[in-house]
Amino acid sequence: MCGIVGAVAQRNVVPILLEGLKRLEYRGYDSAGLVVATGNTLTRLRKPGRVAELEAEIKKQKTHGHLGIAHTRWATHGAPTERNAHPHVSEDSLAVVHNGIIENHEELRLRLSGMGYCFTSDTDTEVIVHLIHHHYQQKKDLLGATRLAVAELKGAYAIGVICADAPNKLVCAREGSPLLIGVGIEEHFIASDQSALLPVTQKIVYLEEGDVAEIGLLDFKIIDRNGKPANRQVQISELRAERAELGSYRHFMQKEIFEQPRALAETLEAVLGYGSLDPKIFGEKAEKVLKAIDSVTIIACGTSFHAATVARYWLEGVAGIPCSAEVASEYRYRDSVPNPKTLIVTISQSGETADTVAALKHAKASGHKYSLSICNVPESALVRESDLRFLTRAGPEIGVASTKAFTTQLAALFLLVLVLGKLRGRIDAAQEKGHLDALRHLPSMISQVLLLEPQIELWAERMASRQHALFLGRGPHYPIAMEGALKLKEISYIHAEAYPAGELKHGPLALVDSDMPVVAIAPNDALLEKLKSNLQEVRARGGELYVLADQDSHVSPQEGVHLIKLPEHAGLLSPILHTVPLQMLAYHTALQKGTDVDKPRNLAKSVTVE
Ligand code: M6R
């Protein structure tokens, strides 16, 4: 959830570190800091708040150096204050930045205090720097000292280490948190995410679990968890710098909402060129696996869990295969009954979400043989852990509120539904053609929905003054209501809840009065008439309705009923279409309220801790 960037170069690395931090800031933004080596001294600057605060201080102090590490933090242990901000130092001579959580930090802290180390922060990270310092005193070898120290850590870490005695050397290590090396010309870098390094290099080496590496100006060496030299491939990142930049948009969330036609087109590009879907789009062994399974369990968190819940309706209703959708943080600790013939599908934008990765490991350990991940990040932990995979091609998603990742996940899940439906004899060639044509049309339908923005802005003006909101949907639009409520609460801080509309009278109707806006998703599907009855129940109690309908839904605006009609009914793909106005509603409501849209309070983009 935090971000790491480090560099060793012949030029001043401070601008590189600062630019890297800005690009990583969406991952955690409570405080930021850096340390650079100048000669044989370390200079450290830390600031609570945003990277901009740190930048101002750097300018004031004219900080520079040829070796440095930097960090942007999302607080876990200890408040977001300067004393808890990274880097942490030991005896003014060794510095560490850390992502992850050290579970045995209390025990290590006691031991290190007993040795005379003085702790100046409340973080778990500080034990790492003192531990490395302790080993360095005996060995005077930074790589060796780091290896000895990480062997004593329990939990997850990606760390960058520098030492005043070694002004051209950067050491790093990872276990459970991602870290990579960037290869330049007579300069090298480290980062927790390749987007941090895009302005300086596209040559990336992904470290594997348990790796420790020593990085110099001209070369680097990697040691694996068994102490053996490891040869990790240099890969060329496909990410382009401009993809991670704001361009003419005001916020990343806005940009990402409007990128959805392109993101969907690119996600579907490789599969829609053919008349028929090949199971291989999920991996070489996919056909064999998908024929062997008798059920599907989908595991995810947050927005990705909402995609899982939509897919459950599709998989059972269209492909005729039993499916359950599980929240990863519950699944990983629940005594479930494993079925070796169940396909475990994990969904994640980042592929780093700790609960989702752990849930997959838990499923495999408890006897599940088959796994598939749907993910937006190619080399992520989740993708590496799965047998089968489908990569969405949404491009980097920077706004904390997930938008284009969600709609591309849904498109990928729909492909899974079609492949399974075909293999199970539930979809014939003509039906397949119809579904593929609908998918081809999807990006342009989304473009049409985006044109509704001015109408949504009028809704947002009204919504912004409310304290609470209810979201209603039925069938596969119920998870879309959940997604709409999550978007609204996440960035506008308005309390929002979603219910299946049929549940209203079993409790939530008690909340409805003239102060309660009720957003209803009313596509022209089989449940429309039932939904309309539920909406009558709201109107009868004075609730103000905001209805998202289709052209032919036969709902009319009237007093207390605000209506926006989507251009056309998209059939099974309707949940994807109805998501977009809800994203815009949350965005414009947050704009009205003046909240920090891309970096909402208390949150971070990738939740890499439990
Ligand atoms: O990277 P993931 O898709 O695994 O992330 C899961 C959730 O943390 C994420 O969807 C979160 O709920 C978003 N901030 C919602 O907008």
Side-chain angles (χ1 to χ4, degrees), residues 1 26-29 74 177-178 192-193 195 251-254 256-257 260 263 298-311 325-332 345-361 373-386 389-392 394-410 412-413 471 479-494 496 498 579-580 582-587 589-590 595-610:
M1 309 184 64
Y26 71 106
R27 302 173 67 98
Y29 35 82
W74 185 85
S177 285
S192 50
D193 181 327
S195 63
H251 295 100
F252 279 106
M253 183 183 179
Q254 183 191 27
E256 287 155 9
I257 289 173
Q260 287 177 108
I298 318 181
I299 305 170
C301 300
T303 285
S304 298
F305 171 71
H306 298 156
T309 315
V310 173
E326 301 250 9
V327 169
S329 56
E330 285 297 309
Y331 175 82
R332 64 182 287 195
V345 179
T346 49
I347 310 176
S348 173
Q349 187 284 129
S350 60
E352 281 174 29
T353 301
D355 282 321
T356 310
V357 176
L360 174 57
K361 288 182 178 161
S373 74
I374 293 176
C375 190
N376 197 36
V377 180
E379 284 299 322
S380 57
L382 199 66
V383 171
R384 286 202 299 254
E385 193 69 34
S386 306
R389 67 207 53 179
F390 185 95
L391 294 174
T392 50
E397 193 180 65
I398 309 290
V400 164
S402 190
T403 51
K404 59 180 180 171
F406 179 66
T407 46
T408 52
Q409 285 166 354
L410 287 176
L413 286 160
F471 285 69
I480 301 305
M482 289 158 69
E483 177 60 6
L486 176 63
K487 289 289 91 96
L488 189 70
K489 71 181 104 171
E490 190 175 24
I491 59 166
S492 77
Y493 316 148
I494 292 173
T579 301
V580 177
L582 298 175
Q583 295 169 342
M584 293 195 287
L585 178 62
Y587 174 71
T589 307
T595 56
D596 191 339
V597 171
D598 284 334
K599 299 187 191 81
R601 68 185 180 202
N602 305 338
L603 300 179
K605 183 64 184 165
S606 299
V607 186
T608 52
V609 294
E610 268 199 69

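Whatever order the structure lists ligands and atoms in, that order sets their numbers, starting from 1. Bear in mind that the values here come from a model prediction, so they are computed numbers and not experimental data.
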The one among A354, A307, C301 that brings a heavy atom closest to atom 7 (C) of ligand 1:
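Among A354, A307, C301, the closest heavy atom to atom 7 (C) of ligand 1 belongs to C301.
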Is a side-chain donor-acceptor pair under 3.5 Å present for T403 with Q260?
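Absent: no donor and acceptor within the cut-off.
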Can a side-chain donor-acceptor contact be found between T303 and E483 if the only test is distance below 3.5 angstrom?
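Side-chain D/A pair, E483 to T303: present.
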Considering only the protein, which heavy-atom contact is closest to [atom], and what is its distance?
| atom | result |
| --- | --- |
| atom 14 (N) of ligand 1 | E490 OE2, 2.4 Å |
| atom 10 (O) of ligand 1 | T303 N, 3.1 Å |
| atom 8 (O) of ligand 1 | V607 CG2, 3.9 Å |
| atom 1 (O) of ligand 1 | S350 OG, 2.7 Å |
| atom 4 (O) of ligand 1 | T353 OG1, 2.4 Å |

Hey, which atoms in ligand 1 end up nearer than 4.0 Å to a heavy atom of [X]?
| X | value |
| --- | --- |
| S402 | 15 (C), 16 (O) |
| A401 | 16 (O) |
| S304 | 2 (P), 3 (O), 10 (O) |

Heavy-atom donor-acceptor pair, [X] side chain to [Y] backbone, under 3.5 Å:
| X | Y | answer |
| --- | --- | --- |
| N376 | P396 | no |
| D598 | F252 | yes |
| E256 | S402 | no |
| S492 | I494 | yes |

Look at ligand 1 and say whether K605 reaches it with a heavy atom at a distance under 4.0 Å.
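The answer is no: ligand 1 sits nowhere under 4.0 Å from a heavy atom of K605.
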Indicate the atoms forming the closest heavy-atom contact of W74 with N602, along with that distance.
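So the two residues come closest at NE1-O, 3.1 Å.
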Nearest non-hydrogen partners of V383 and P378, listed with the distance
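That would be CG1-O, 3.2 Å.
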Quick check for you: to the nearest 0.5 Å, what is the distance between T353 atom OG1 and F305 atom CZ?
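Spacing of OG1 (T353) from CZ (F305) equals 14.0 Å.
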Q409-ligand 1 polar pair, N/O distance under 3.5 Å
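In fact, backbone or side chain, Q409 has no N or O that close.
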Do any nitrogen or oxygen atoms of V400 come within less than 3.5 Å of a nitrogen or oxygen of ligand 1?
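By distance alone, the answer is yes.
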Could you tell me whether K487 approaches ligand 1 through its side chain, its backbone, both or neither, with non-hydrogen atoms closer than 4.0 Å?
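The answer is the side chain of K487.
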